[in-house]
Amino acid sequence: MVLVPSASQTVGPYWAIGLDWPEAWQVAPDGVAGERFELAGRLFDGKGEPVPDGVLELWQANTEGRYAHPEDRQNKPLDERFLGFGRCGTQPDGSFRFASIKPGPVPAAGGGLQAPHLMIGIFARGLSARVATRVYFPGEAANATDPVLALVDPARRDTLIAKAAGPGKLTWDVRLQGAGETVFFAF
Amino acid sequence: MSKLAGYRPEPAGTQPPLLHPGYKSTVLRAPSQAPVPVPASLSEITGPLLGQRLVRPNDTDLTGQHAGQPQGERIIVAGQVLDEDGWPVPDTLIEVWQANAAGRYRHDRDQHDAPLDPSFSGAGRVATDADGVYRFTTIKPGAYPWPNHHNAWRPQHIHLSLFGPAFATRLVTQMYFPGDPLLPLDPIFNAVPDAAARERLVARFDLELTQPAWALGYRFDIVLRGRAATPMEG
Ligand SMILES: [Fe+3]
């Protein structure tokens, strides 16, 4: 049997009724091992205006670099308290935040390891489907050899790398369109 | 080492383009650059496994969340979540939200001059069972005006958010109702180029699902992306 995937439709302006999950910006509960960070950013449209009605989702591996998923069969420890999923709606100024632990390196598609990264999905009114991107960590030597960053025009790679903003603090803005447009991925 | 099987790209025409000027909000929000294709790694083929564990009491009956019954036509929505190969997607979370029978959302930004219903929140959750089957009870949402163009009205619809087994299978869609005269006029629905793909977003009235003297039944099956063949060892 061959079926066709259902069409995506926008979340619209009122997604919070169904998708609001107030505590989900905190990805790693207390006690979960790993280097803690708080990532703060803003979501902007093609005019540079903040997007006040977007919602971001995050998916990541644990500190060892293992995903809480049966298809990740690496022989690395899992922590049942850490799922690795986050969600945060944007505020009137387009801002969002996540608090979590830095993921370890996970295997790359062609062998070797990927640099630590967060998988991010973005929904909003005016986005017909989710757009997907990644956040990498600043000052990470492995970024230089990451096979996904290597696929990206060097002039645009900066859009995928968070900026350090003090101990444990990172900033990362998303520009959906236009100057400095964030790189999005298809897979 | 052998490569991982990723998920198949959606067939051409079955998904709305990000830029669809008829839907005005896409004009400043759709990325202008094409997405960069990446080979599937664990990051794409894993994802949060959210299911029944997250469904709270009363989540699957949107008519039973308050002391009183909501206004409107009581309906049962049920269907199966499958992948492209027809395999059921078990224990996956579906988040549901909708307007009330008057076409008003319980949301600060909804300024439509239609009454809120104190007996209706418009939010629910349901998980598929082992066969990928889900079912929830609600009321038929009303059509509502929106500022996209002169005299623009959204057809009656229910918003549905699904996870599936991977980051790659995440889907948010809308379920429409058969025979709605607003469907041919709606730029969001009609942004999907393929007519058959649009039709699959329209639920089917189902007398079997309909409960005598209680509620009309609508069947809505949902298909998530299926697995690509495992690439040969390279
Ligand atoms: Fe809506």
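Letters A, B, ... are given to chains in the order of the sequence lines, protein chains preceding strands, and every chain is numbered from 1. The model shown is predicted, which means the values in this text are computed figures rather than measured ones.
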Undergrad: Could you go through W15(A) and S161(B), starting from their C-alpha distance and side-chain angles, then the distance that decides it, and tell me whether this counts as side chain to side chain donor-acceptor pair (under 3.5 Å)?
TA: CA-CA 10 Å; W15(A) 57 261; S161(B) 151; over 6 Å; no

Undergrad: Charged N to carboxylate O below 4.0 Å: is that the case for E199(B) and R204(B)?
TA: no

Undergrad: Using heavy-atom distances under 4.5 Å, tell me whether L42(B) contacts chain A through its side chain, its backbone, both, or neither.
TA: both

Undergrad: Quick one: of L19(B), T26(B), V192(B), who has the most non-hydrogen atom pairs under 4.5 Å with chain A?
TA: T26(B)

Undergrad: Among the options H159(B), R198(B), H20(B), E44(B), pick out the one with the most heavy-atom pairs lying under 4.5 Å from chain A.
TA: E44(B)

Undergrad: Go through the atoms of E49(A) and report whether side chain, backbone, both or neither lie under 4.5 Å from a heavy atom of chain B.
TA: neither

Undergrad: Using heavy-atom distances under 4.5 Å, tell me whether A61(A) contacts chain B through its side chain, its backbone, both, or neither.
TA: neither

Undergrad: Need one label for V183(A): side chain, backbone, both or neither, based on atoms under 4.5 Å from any heavy atom in chain B.
TA: side chain

Undergrad: Looking at R106(B), R109(B), R170(B), R225(B), which makes the most heavy-atom pairs under 4.5 Å with chain A?
TA: R170(B)

Undergrad: Check each atom of V106(A) against the heavy atoms of chain B and say whether the ones under 4.5 Å are side chain, backbone, both or neither.
TA: side chain

Undergrad: Measure distances from Q114(A) to the heavy atoms of chain B and classify the residue's part below 4.5 Å as side chain, backbone, both or neither.
TA: side chain

Undergrad: Out of the candidates R36(A), Q60(A), E38(A), E35(A), only one should pair with S100(A) under the side-chain hydrogen bond (donor to acceptor under 3.5 Å, both in side chains) rule; please name it.
TA: Q60(A)

Undergrad: What part of R175(A) gets within 4.5 angstrom of chain B, counting heavy atoms only: side chain, backbone, both, or neither?
TA: neither

Undergrad: What part of E181(A) gets within 4.5 angstrom of chain B, counting heavy atoms only: side chain, backbone, both, or neither?
TA: side chain

Undergrad: Could you check whether the rings of W21(A) and F85(A) sit parallel, tilted or perpendicular, using 30° and 60° as the cut-offs?
TA: tilted

Undergrad: Would you call K47(A) and D45(A) a salt bridge, using N to O less than 4.0 angstrom?
TA: no

Undergrad: If I measure from the heavy atoms of chain B, does R125(A) come under 4.5 Å with its side chain, its backbone, both, or neither?
TA: both

Undergrad: Do the charged groups of R87(A) and E23(A) touch, with an N to O distance under 4.0 Å?
TA: no

Undergrad: What residue among K76(A), H69(A), Q74(A) forms side-chain hydrogen bond (donor to acceptor under 3.5 Å, both in side chains) with D72(A)?
TA: Q74(A)

Undergrad: Heavy-atom pairs under 4.5 Å with chain A are the metric here; pick the option from S43(B), A168(B), P35(B), P16(B) that has the most.
TA: S43(B)

Undergrad: Mind checking the CD-CD1 spacing from Q174(B) to I158(B)? Nearest 0.5 Å is all I need.
TA: 10.5 Å

Undergrad: With only heavy atoms counted, which part of F123(A) is less than 4.5 Å from chain B, the side chain, the backbone, both or neither?
TA: side chain

Undergrad: Which atoms of L118(A) come close to chain B, meaning under 4.5 Å heavy atom to heavy atom: side chain ones, backbone ones, both, or neither?
TA: neither

Undergrad: Non-hydrogen atoms of chain A under 4.5 Å away: do they reach the side chain of D108(B), the backbone, both or neither?
TA: neither

Undergrad: Sort by residue number and list every member of residues 51-58 of chain A having a non-hydrogen atom under 4.5 Å from chain B.
TA: V51(A), P52(A), D53(A), E57(A)

Undergrad: Under a 4.5 Å cutoff for heavy-atom pairs, which residue among K24(B), Q98(B), R200(B) has the most contacts with chain A?
TA: R200(B)

Undergrad: Could you check whether the rings of Y176(B) and H157(B) sit parallel, tilted or perpendicular, using 30° and 60° as the cut-offs?
TA: tilted

Undergrad: What part of L83(A) is in contact with chain B, defined as an atom under 4.5 angstrom from a non-hydrogen atom: side chain, backbone, both or neither?
TA: side chain

Undergrad: Does the distance from a Lys or Arg side-chain N to an Asp or Glu carboxylate O, for D153(A) and R156(A), drop under 4.0 Å?
TA: no

Undergrad: Need one label for F187(A): side chain, backbone, both or neither, based on atoms under 4.5 Å from any heavy atom in chain B.
TA: both

Undergrad: Salt bridge or not between D146(A) and R157(A)? Use side-chain N to carboxylate O under 4.0 Å.
TA: no

Undergrad: So, taking the atom named OG1 in T138(B) and the one named CG in L62(B), what distance separates them when rounded to the nearest 0.5 Å?
TA: 4.0 Å

Undergrad: Which label fits W153(B) and H112(B): parallel for a plane angle under 30°, tilted from 30 to 60°, or perpendicular past 60°?
TA: perpendicular

